[in-house]
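Take a look at the structure below.
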Amino acid sequence: ANTLINLATVYYKLGQLNPCEEYANQSLEAFHELKDLHGLAITYTTLGNVAEKRGDPDKALKMYQMAEVNARKADKPATLAPVLQSMGLL
């Protein structure tokens, strides 16, 4: 799961949104199976970033909200802070 989200992040940084989203969605499934809240928060953040880059603020907000919920449940303030910032900038 971590490898998949890392690949998604690399593709995002390269500006290749399609493979980024594909790997992020695979990562999402894996983190759900593992019940890894922190991993889910990171993955939803990535999917929110993709939606924002594609000009879909409604989908981005939904993804960021999911990231917020999971980051709070996982008690990961360092993951929560950039999510809240991204939500505020929409």
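- Looking at I5 and Y23, their side chains never come closer than 4.5 Å, going by heavy atoms from C-beta outward.
- A continuous path of hydrophobic side-chain contacts links L4 to Y11 [ILVMFWY only; heavy atoms under 4.5 Å].
- Formation of a donor-acceptor pair under 3.5 Å by the S86 side chain with backbone atoms of P82 is found in this model.
- Atom CG of L17 is separated from atom CD of E22 by 11.0 Å, given to the nearest 0.5 angstrom.
- The SG atom of C20 sits 10.0 Å away from atom CG of L7, with the distance rounded to the nearest 0.5 Å.
- Criterion: ILVMFWY side-chain heavy atoms under 4.5 Å apart, direct or through other members. Under it, M66 and L40 are part of a common hydrophobic cluster.
- Shown here for A1 and A30, the closest heavy-atom pair between the two residues is CB-CB, 3.5 Å.
- Expressed to the nearest 0.5 Å, how far CG of N49 lies from OH of Y12 amounts to 4.5 Å.
- Taking 4.5 Å as the limit, some side-chain heavy atom of N25 sits within range of a side-chain heavy atom of L47.
- Here the straight-line distance linking atom CG of L37 with atom CD1 of I42 works out to 11.5 Å at 0.5 Å rounding.
- Going from atom CG of N2 over to atom NE2 of H38 covers 9.5 Å, rounded to the nearest 0.5 Å.
- Nearest approach of A24 to T43, heavy atoms of both residues: O-CG2, 3.2 Å.
- Taking the salt bridge (Lys or Arg N to Asp or Glu O under 4.0 Å) definition, one finds that K76 meets it with nothing, sequence neighbours left out.
- Closest heavy-atom contact between A67 and A41: CB-O, 3.4 Å.
- Under a 4.5 Å side-chain heavy-atom criterion applied to ILVMFWY residues, the cluster that includes L61 comprises Y64, L80, V83, L84, M87, L90 as well.
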